[in-house]
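For reference, the structure discussed in these notes is given below.
Predicted model only: the values in this text are computed from it and were never measured.
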Amino acid sequence: IMAKTLRVRTATGWVTKPAADIPANRLSAEEVDDNFLEVEEEAKTVGHVVTAASATLTLVDANVEHQVTATAVLTIPTNALTEFAQGTKIAVLSTTAGAVTITASGGVTLNGVDGGSATLSGQYSAAVVTKVGTDAWVINGDHGGVV
């Protein structure tokens with residue numbers, strides 16, 4: 001999801017402008033953070049329903065909550081395959097009674113679990129994976145990983 005508009009601070013206060021009209025190098029850290037929060041809120045409303053038995057995460061999955069309705073394995077790819085921005089968060093909510101597993105591709109470290117994968121604890125459980133390095137992610141939430 002790309003921000004279509006950005007909030008920019010001017011001499012008279014905050015204004016909303018088309019993102020295409022604002023050079024990226026002209027944004028302050030505060031403006032970037034404010035805009036990230038707006039994009040994150042927009043992403044939460046979009047959602048993504050996963051019905052496949054297996055899926056490899058792609059850039060369209062970044063900062064989106066995934067509702068998984070079937071037994072599934074979601075795979076985090078290597079940075080060489082899919083270059084997620086550091087700080088990317090992917091939320092997973094299981095609405096199925098079947099197992100929902102989040103696993104790391106070979107070469108990817110999924111911190112917070114033993115063995116590179118985590119299975120959500122059951123129906124209506126959730127977890128969030130966050131990219132913290134080139135091929136490093138952290139998982140938090142209701143899963144059977146390291147306590």
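For the pair T82 (side chain) and N79 (backbone), a donor-acceptor distance under 3.5 Å is absent.
Between L110 and G116, the shortest heavy-atom distance links the atoms CD2-O, 3.9 Å. A pairwise comparison of heavy atoms in E83 and K131 identifies C-NZ, 4.4 Å as the closest pair. Scanning all heavy atoms of the two residues, the minimum distance from T130 to G87 falls at CG2-O, 4.1 Å. When all heavy atoms are compared, the tightest approach of A126 to L120 is C-CD2, 4.2 Å.
Applying the under-4.5 Å side-chain rule to Ile, Leu, Val, Met, Phe, Trp and Tyr, the cluster around V132 extends to V138.
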For residues 95-108, which side-chain donor-acceptor pairs fall under 3.5 Å, sequence neighbours excluded?
unit_1 : atom_1 : unit_2 : atom_2 : d
T95    : OG1    : V68    : O      : 3.1
T96    : OG1    : G98    : N      : 3.0
T101   : OG1    : T119   : OG1    : 2.9
S105   : OG     : I76    : O      : 2.9

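Using a 4.5 Å heavy-atom cutoff, the side chains of T109 and D135 are not in contact.
The ring pair (Phe, Tyr, Trp, His ring centres under 6.0 Å) contacts involving residues 81-133 comprise F84-W137, where partners must be two or more places apart or lie in separate chains. Applying the ring pair (Phe, Tyr, Trp, His ring centres under 6.0 Å) definition to pairs two or more places apart or across chains, none involves residues 91-121. Pairs passing the ring pair (Phe, Tyr, Trp, His ring centres under 6.0 Å) check and including a residue from residues 89-122, sequence neighbours excluded, do not occur.
Applying the side-chain contact (heavy atoms from CB on, under 4.5 Å) rule to A91 yields the partners E65, V128; only residues at least two apart in sequence or on another chain are considered.
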Step by step, would you call L74 with V92 a side-chain contact (heavy atoms from CB on, under 4.5 Å)? CA-CA 9 Å; L74 301 178; V92 180; 3.8 Å; yes
